[in-house]
Amino acid sequence: MIPTIIDVAISLIVIFFLLSTLVSFINEIIALIVSSRGKLLRNSLQKLLANDADDDGSTLLQQLYNSKHIYKLRIFKNLKSNGYLPANISPESFADAILEQVNKKLPLATIEEIKEHIPLSLPEGFLRQKLLLLIAELTPDNYHVAGFKQKIKDWYNGYMDTVTEVYRLKSRVIIFIISVLLCFIMNIDTLSLSQYFWQNKAAREQMVNYAEGLDKSTIKGPKEVMRLDTVKQFP
């Protein structure tokens with residue numbers, strides 16, 4: 001009896017593993033179609049760049065998104081639509097876009113030149129103040145452009161952690177709703193499944209054989225989220 005109970009348990013685990021994989025796939029398709037990751041990332045960065053009640057940061061954000069470092073990351077970038085936004089902006093791409101905005105295509109090779117040019121290239125607001133603060137935090141050992149770029153990347157990573165957590169929470173709600181709908185539509189009943197596998201030896205053996213064929217890389221559960229690499233997605 002004990003081996004039968006174990007086989008039934010394995011069979012149920014396989015069934016719910018396949019269901020979770022299907023739910024994860026459906027969630028990824030929905031996220032791709034509605035560009036939910038890209039929209040959350042964009043809205044989060046817009047809030048970050050907002051200066052005050054009169055400036056929501058959209059103008060500066062649009063300039064950054066038009067940068068070659070970020071524009072190339074757009075989903076379906078060949079489509080002439082602003083609805084398909086980058087689902088993931090790496091710290092490297094974000095830092096390069098910021099430096100491009102500060103430099104305005106001028107060859108700024110030193111921190112002093114960048115420091116002098118920041119007030120000329122950026123409007124009064126949070127980003128200008130933040131970049132000047134990052135420069136002030138540089139030590140003699142990293143008082144160069146590469147050190148400043150690393151500071152920007154570290155700051156961005158910290159911001160993305162929070163945004164990623166927000167996306168995780170939203171994704172879990174969506175995954176839960178999809179799971180409930182699938183269980184209802186497919187009439188998945190744990191008790192009925194348990195009874196079926198208990199009485200059907202061939203079905204149990206099929207599920208156990210399938211489970212034995214799964215490798216460790218397969219059993220990781222649903223992909224949970226982007227890191228809006230972004231999503232540490234507040235300072």
Side chain to side chain contact (heavy atoms under 4.5 Å, CB included) between Ile135 and Phe148, intermediate numbers included = CA-CA 6 Å; Ile135 290 178; Phe148 178 52; 3.4 Å; yes

Got a second to check how far [X]'s [atom1] is from [Y]'s [atom2], nearest 0.5 Å?
X      : Y      : atom1 : atom2 : value
Arg37  : Tyr167 : CZ    : OH    : 4.0 Å
Leu12  : Asp7   : CG    : CG    : 11.0 Å
Leu138 : Ile111 : CG    : CD1   : 5.5 Å
Ile175 : Glu28  : CD1   : CD    : 8.0 Å
Gln63  : Glu100 : CD    : CD    : 10.5 Å
Leu131 : Gln101 : CG    : CD    : 10.5 Å

[X]: partners by side-chain hydrogen bond (donor to acceptor under 3.5 Å, both in side chains), with sequence neighbours left out:
X      : value
Asn142 : Thr139
Ser93  : Ser90
Gln129 : Glu124
Glu112 : Tyr143

When you compare the side chain of [Y] with that of [X], does any pair of heavy atoms fall below 4.5 Å?
X      : Y      : value
Phe197 : Thr4   : no
Leu132 : Lys115 : yes
Leu99  : Ile152 : yes

task = Output every pair passing salt bridge (charged side-chain N to carboxylate O under 4.0 Å, His left out) with a member in residues 87-96, not counting sequence neighbours, ordered by first then second residue.
result = Glu92-Lys149, Glu92-Lys153, Asp96-Lys149

ask   = What residue pairs, at least two apart or across chains, pass salt bridge (charged side-chain N to carboxylate O under 4.0 Å, His left out) with a residue in residues 136-146?
value = Glu137-Lys151

Check [X] against [Y] and note the closest heavy-atom contact, atom names and distance.
X      : Y      : answer
Pro119 : Glu116 : CD-O, 3.4 Å
Leu19  : Cys183 : CD2-SG, 3.8 Å
Leu61  : Arg42  : CD2-O, 3.5 Å
Asp189 : Leu191 : OD1-N, 3.0 Å

key: side chain to side chain contact (heavy atoms under 4.5 Å, CB included) between Ile15 and Ser11, intermediate numbers included   = CA-CA 6 Å; Ile15 291 295; Ser11 300; 5.6 Å; no

key: Salt bridge present between Lys170 and Glu165 (N-O < 4.0 angstrom)   =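 No.
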
Please name all residues satisfying side chain to side chain contact (heavy atoms under 4.5 Å, CB included) with [X], sequence neighbours left out, ordered by chain then number.
X      : value
Leu181 : Ile177
Ile26  : Leu22, Ile30, Ile178, Leu182
Val14  : Ile10, Leu18, Met207, Tyr210, Ala211
Asn200 : Tyr196, Ala202, Ala203

request  = Please state whether the rings of Tyr156 and Phe94 are parallel, tilted or perpendicular, taking 30° and 60° as the class boundaries.
outcome  = parallel

message = Working note: Thr110 + Val145, criterion side chain to side chain contact (heavy atoms under 4.5 Å, CB included); need CA distance, chi angles, decisive distance, verdict.
response = CA-CA 6 Å; Thr110 68; Val145 176; 5.9 Å; no

Has [X] got a side-chain atom pairing as donor or acceptor with [Y]'s backbone, closer than 3.5 angstrom?
X      : Y      : value
Ser194 : Thr190 : yes
Asn27  : Val23  : no
Ser121 : Val102 : yes

request  = Identify whether Ile13 and Ile6 are in the same connected component of the hydrophobic contact network (ILVMFWY, side-chain heavy atoms under 4.5 Å).
outcome  = no

inquiry  = Determine whether Glu205 and Asn209 satisfy the following criterion, side chain to side chain donor-acceptor pair (under 3.5 Å), listing intermediate values before the conclusion.
reply    = CA-CA 6 Å; Glu205 291 177 347; Asn209 290 336; 5.9 Å; no

task = Determine whether the side chains of Asn66 and Gln62 contain a donor N or O and an acceptor N or O closer than 3.5 Å.
result =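 Yes, Gln62 and Asn66 have a side-chain donor paired with an acceptor closer than 3.5 Å.
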
ILVMFWY cluster membership beyond Val180 - transitive side-chain contacts under 4.5 angstrom =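 Result for Val180 is Phe176.
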
ask   = Going through the distances and angles, do Val8 and Leu193 end up as a side chain to side chain contact (heavy atoms under 4.5 Å, CB included)?
value = CA-CA 9 Å; Val8 169; Leu193 286 173; over 6 Å; no

